[in-house]
Amino acid sequence: MMLVSHASKILNYYVYLKNTYLHHTYGNREGRFPYVEQPKAYFLEPFEEAFANLWKSTVVQLAKDLNSDSLLYETMNDRVRHHLFCPSAKGGEHYRLTERGFQHWWKSFAGGFSLERSLSDAIHTLYYDVNQQKVGDRAVSLSIIYDDVELSTVVRAPGFCVVSVKELLLKYDEVLARVIASVRETS
């Protein structure tokens, strides 16, 4: 069995946007990152429905071609800008601020690099435990995100799983079951 894990830039950007939206809509009750003080958010309504649709279509595309992550991020400008932000100049500025904030975090040592490296032991354990299930020579890709995605359902794809840090560390048995099911679906 082959397990490939990576921190998806596009999916983590969506999580960043989702958390920004939740802060503006419901407050920072759970201390989610990022916390950005802005007097007004310029998200389109219904944001949650549009977000769920973007999330699902992106997960499906990544499941087909894991190498498309960077390309999807580079080309997401129009999709995100027009589906999640108000069409006004203020909406455009809000979009640019969130995108710039994400880029600074992602490129920093605390961003994408640390996200992948901090889970190497847990991923190694997952690889070992999945192989104990005698799943054969199948492959699965594990896309790591820094926070849960409450605004969309789990999108199932054979050989592809999206897992948050919290799930991997605190709900390990559920993640193991999902990965095993995903591997078995590839046959």
Evaluate Phe109 against Arg117 for side-chain contact (heavy atoms from CB on, under 4.5 Å), listing each step before the verdict.
CA-CA 10 Å; Phe109 192 74; Arg117 299 298 182 253; over 6 Å; no
Any side-chain heavy-atom pair from [X] and [Y] closer than 4.5 angstrom?
| X | Y | result |
| --- | --- | --- |
| Val179 | Asp129 | no |
| Tyr13 | Thr58 | no |
| Val155 | Val162 | no |
| Val140 | Val130 | no |
| Glu185 | Arg156 | yes |
| Ile10 | Gln61 | no |
| Leu151 | Tyr14 | no |
| Trp55 | Val15 | yes |

[X] (side chain) donor-acceptor with [Y] (main chain) under 3.5 angstrom:
| X | Y | result |
| --- | --- | --- |
| Ser57 | Leu54 | yes |
| Arg81 | Cys86 | yes |
| Ser182 | Phe160 | yes |
| Asp69 | Lys9 | yes |
| Ser164 | Glu167 | yes |

Do [X] and [Y] sit in one hydrophobic cluster, given that two such residues count as connected whenever their side-chain heavy atoms are within less than 4.5 Å of each other, even indirectly?
| X | Y | value |
| --- | --- | --- |
| Leu176 | Leu169 | yes |
| Val163 | Val4 | yes |
| Val60 | Val80 | yes |
| Phe85 | Leu97 | no |
| Val183 | Tyr172 | yes |

What heavy-atom pair brings [X] and [Y] nearest, and what distance separates the two atoms?
| X | Y | answer |
| --- | --- | --- |
| Asn12 | Ala7 | ND2-C, 4.0 Å |
| Thr98 | Tyr16 | O-CE2, 3.3 Å |
| Ser88 | Tyr42 | OG-CD2, 4.4 Å |
| Ser8 | Leu62 | OG-CD1, 3.7 Å |

Aromatic ring proximity Trp105/Phe33, centre distance under 6.0 Å:
yes
Listed pairs under 3.5 Å, donor-acceptor, residues 43-53 side chains, sequence neighbours left out:
from, atom 1, to, atom 2, distance (Å)
Glu48, OE2, Tyr21, OH, 3.2
Glu48, OE2, Tyr26, OH, 3.1
Asn53, ND2, Glu49, O, 3.3

Is it the case that over 12 heavy atoms from other parts of the model lie below 6.0 angstrom from the NE2 atom of His124?
no
Greater than 12 external heavy atoms within 6.0 Å of Asp65's CG
yes
To the nearest 0.5 Å, what is the distance between [atom1] on [X] and [atom2] on [Y]?
| X | Y | atom1 | atom2 | value |
| --- | --- | --- | --- | --- |
| Tyr128 | Gln133 | OH | CD | 11.0 Å |
| Thr125 | Leu119 | OG1 | CG | 11.0 Å |
| Ile123 | Leu168 | CD1 | CG | 6.0 Å |
| Tyr73 | Trp106 | OH | CH2 | 9.5 Å |
| Lys18 | His23 | NZ | NE2 | 8.5 Å |
| Arg178 | Lys171 | CZ | NZ | 9.5 Å |

From CA spacing to verdict: side-chain contact (heavy atoms from CB on, under 4.5 Å), Val135, Thr186
CA-CA 10 Å; Val135 293; Thr186 62; over 6 Å; no
Do Arg96 and Glu93 sit within salt-bridge range, that is, some charged N less than 4.0 Å from a carboxylate O?
yes
Step by step, would you call Tyr146 with Arg32 a side-chain contact (heavy atoms from CB on, under 4.5 Å)?
CA-CA 10 Å; Tyr146 80 90; Arg32 294 177 183 268; over 6 Å; no
